[in-house]
2 protein chains.
Amino acid sequence: MTDASELAAFAALLADRTRAAMCLALLDGRAWTAGELAKHAGVARSTATEHLDRLIGGGLLSEARQGRHRYVRLADPGVAGLLEDITARLEPGLPAVRGLRAATADAALRRGRTCYDHLAGRLGVAVTDALTRDGLLDQEGGFAVTGYGVTWLIERLGVEPERLRAGRRPLARACLDWTERRPHLGGVAGARVCETFLGRGWVGRIGSGRAVKVTPSGRVALRELLALTDLD
Amino acid sequence: MTDASELAAFAALLADRTRAAMCLALLDGRAWTAGELAKHAGVARSTATEHLDRLIGGGLLSEARQGRHRYVRLADPGVAGLLEDITARLEPGLPAVRGLRAATADAALRRGRTCYDHLAGRLGVAVTDALTRDGLLDQEGGFAVTGYGVTWLIERLGVEPERLRAGRRPLARACLDWTERRPHLGGVAGARVCETFLGRGWVGRIGSGRAVKVTPSGRVALRELLALTDLD
DNA sequence: GCGACGGTTCGGCACCCACCGAACCATCGC
DNA sequence: GCGATGGTTCGGTGGGTGCCGAACCGTCGC
């Protein structure tokens with residue numbers, strides 16, 4: 001049997017506006033840096049450090065240090081599920097309506113969606129895999145765009161060169177998919193790819209949410225460009 | 001999307017040792033009085049009042065006033081499920097082991113178990129229904145043992161009369177089953193029935209937990225006594 | 001009517017903890 | 001080497017909240 005103090009200690013992790021905001025942000029499945037979360041939650045960096053320590057210590061989050069960055073994400077899919085269960089309870093609307101909406105939206109989201117500003121879901125992973133297979137992306141120990149990849153982005157995809165040198169943001173970043181349990185391409189390159197696909201009408205948004213689908217013309221283009229089929 | 005303050009406010013309900021203890025106690029499915037919960041959690045009655053107000057206001061608990069008593073229980077099965085999800089996460093042991101244990105234990109618990117000190121599960125509900133059908137128990141507006149019921153308990157079940165007048169505890173109490181979604185007999189009468197069944201070997205405990213099963217001799221006795229069949 | 005009992009209201013106290021800024025450390029790019 | 005940037009440590013402050021006891025109210029049983 002779980003002891004009351006244990007349950008209280010666990011709940012206390014989420015019982016703070018700032019920590020709750022961090023966890024909700026991380027529900028998108030991405031790894032955020034401490035600074036990003038601090039800004040998102042509207043607190044000083046020092047405060048964010050303390051909160052992250054608590055959340056990690058409590059097993060809700062896991063961290064990966066990279067250089068001077070501290071990347072943080074939800075510890076495992078179980079945490080994501082628990083958070084979703086709780087937030088589902090807080091949402092207005094009848095459970096039946098929510099269930100229906102979830103069932104239909106769910107399938108679409110699993111197929112393809114945007115995650116922040118890049119592609120995720122089966123579509124995102126498929127594109128990422130194709131880029132890796134063709135030598136445009138290297139997945140050894142973190143994501144990295146190859147020299148050939150840069151050329152490809154500029155010449156084949158028509159990305160303006162200066163839009164690949166966008167300040168401090170990493171060119172490529174691995175972003176974990178909770179539905180696929182596999183990483184997909186984020187960072188500047190991910191954003192440019194997503195932007196291009198949307199701009200050329202290869203993929204289109206479904207309604208106003210994050211879900212996207214491949215269009216008929218996109219189907220042709222992606223087969224030709226990346227040998228991608230099976231994009232149902 | 002759920003807002004961070006909302007999530008934090010909800011989590012704060014459980015982020016207190018005393019409130020957590022109350023919720024865990026209520027996980028047994030029974031309705032407790034405010035005083036019982038105060039004693040259980042080890043706080044003054046006044047403090048318990050404040051906590052119960054918050055838990056009820058937050059939708060975790062529901063209350064029923066009866067005379068000078070304030071009965072409190074988990075608001076709905078969804079709350080029970082959520083609490084179980086959270087505590088499951090806090091339990092040690094691999095999810096797989098837990099799942100296996102849960103799957104086997106679950107069926108047995110659903111069939112029959114003790115709830116505090118009386119019978120619950122399908123068995124508890126079946127006994128309660130039989131007692132009502134035979135006029136020993138009245139279910140109109142709360143449970144009550146009839147005069148005939150008292151006689152029956154003493155003469156047919158061999159309960160010592162003074163053991164039916166045990167202080168302040170109600171003779172009969174309705175106790176809700178989360179698995180059956182129906183009330184079963186609690187209170188002094190429920191305890192005496194359970195005690196007798198166990199003492200005569202009509203039901204026996206499975207292992208060391210709460211699960212119980214009807215024994216072969218109990219099968220014969222219960223058919224004769226209450227016309228109960230179908231006690232698989 | 002009375003006393004006993006369960007529950008509530010209200011002050012007041014003490015402690016916890018979220019927050020910040022300043023100083024500091026480590027890493028990156030030059 | 002340097003400055004810029006991301007992150008951490010630490011002291012201090014303020015507000016929130018859990019707690020109690022005392023007084024009070026409503027119900028029960030005599």
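Quick note on labels: first sequence line is chain A, next is B, and so on, each numbered from 1. Values below: all heavy atoms of this structure, side chains included; hydrogens, waters and symmetry mates excluded.
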(message) I'd like to know if the side chain of B:R45 reaches the main chain of B:G35, judged simply by a donor and an acceptor atom lying under 3.5 Å from each other, with no hydrogens or angles considered.
(response)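 Between the backbone of B:G35 and the side chain of B:R45 there is no qualifying donor-acceptor contact (under 3.5 Å).
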Whole-Å gap separating [atom2] ([N]) and [atom1] ([X]):
X: B:R19; N: D:dG18; atom1: CZ; atom2: P; value: 4 Å
X: B:H51; N: C:dT9; atom1: NE2; atom2: C1'; value: 16 Å
X: B:D53; N: C:dG6; atom1: CG; atom2: C1'; value: 15 Å
X: A:R70; N: D:dT5; atom1: CZ; atom2: C1'; value: 17 Å
X: A:H69; N: C:dC25; atom1: NE2; atom2: C1'; value: 16 Å
X: A:L37; N: D:dT8; atom1: CG; atom2: P; value: 12 Å
X: A:L52; N: C:dA18; atom1: CG; atom2: C1'; value: 14 Å
X: A:L13; N: C:dC17; atom1: CG; atom2: C1'; value: 14 Å

Looking only at side-chain N and O atoms, does [X] come under 4.0 Å of OP1 or OP2 in [N]?
X: B:R54; N: D:dG18; result: yes
X: A:R45; N: D:dT9; result: no
X: A:T47; N: C:dC19; result: no
X: B:T18; N: D:dC19; result: yes

(request) Check the pair B:C23 / B:L55 against side-chain contact (heavy atoms from CB on, under 4.5 Å), numbers first and verdict last. (result) CA-CA 9 Å; B:C23 290; B:L55 289 170; 4.1 Å; yes
(message) Closer than 4.0 angstrom, basic N to acidic O: yes or no for B:D53 and B:R70?
(response)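 Salt bridge: yes.
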(request) Give me the one residue out of A:L137, A:L131, A:L136, A:T132 that meets side chain to side chain contact (heavy atoms under 4.5 Å, CB included) with A:D134. (result)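 With A:D134 as partner, A:L137, A:L131, A:L136, A:T132 yield a single side chain to side chain contact (heavy atoms under 4.5 Å, CB included), made by A:L136.
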(message) What's the closest nucleotide to the side chain of B:V43 if the choices are D:dC19, D:dT8, D:dG18?
(response)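 Taking heavy atoms from C-beta onward, the closest nucleotide is D:dC19.
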(message) By nearest heavy atom, map B:E36 and B:E50 onto DNA chain C; which one lands nearer the 5' end?
(response)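 Comparing both residues, the 5'-ward one is B:E36.
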(message) On the side chain of B:S46, is there an atom forming a donor-acceptor pair with the base of D:dG21 - under 3.5 Å, no angle test?
(response)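 A donor-acceptor contact between them is present.
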(request) Evaluate the salt bridge (Lys or Arg N to Asp or Glu O under 4.0 Å) criterion for residues A:R163 and A:E195: first the C-alpha distance (whole Å), next the side-chain angles of each, then the deciding distance (0.1 Å), finally the verdict. (result) CA-CA 11 Å; A:R163 299 215 66 202; A:E195 187 179 279; 2.6 Å; yes
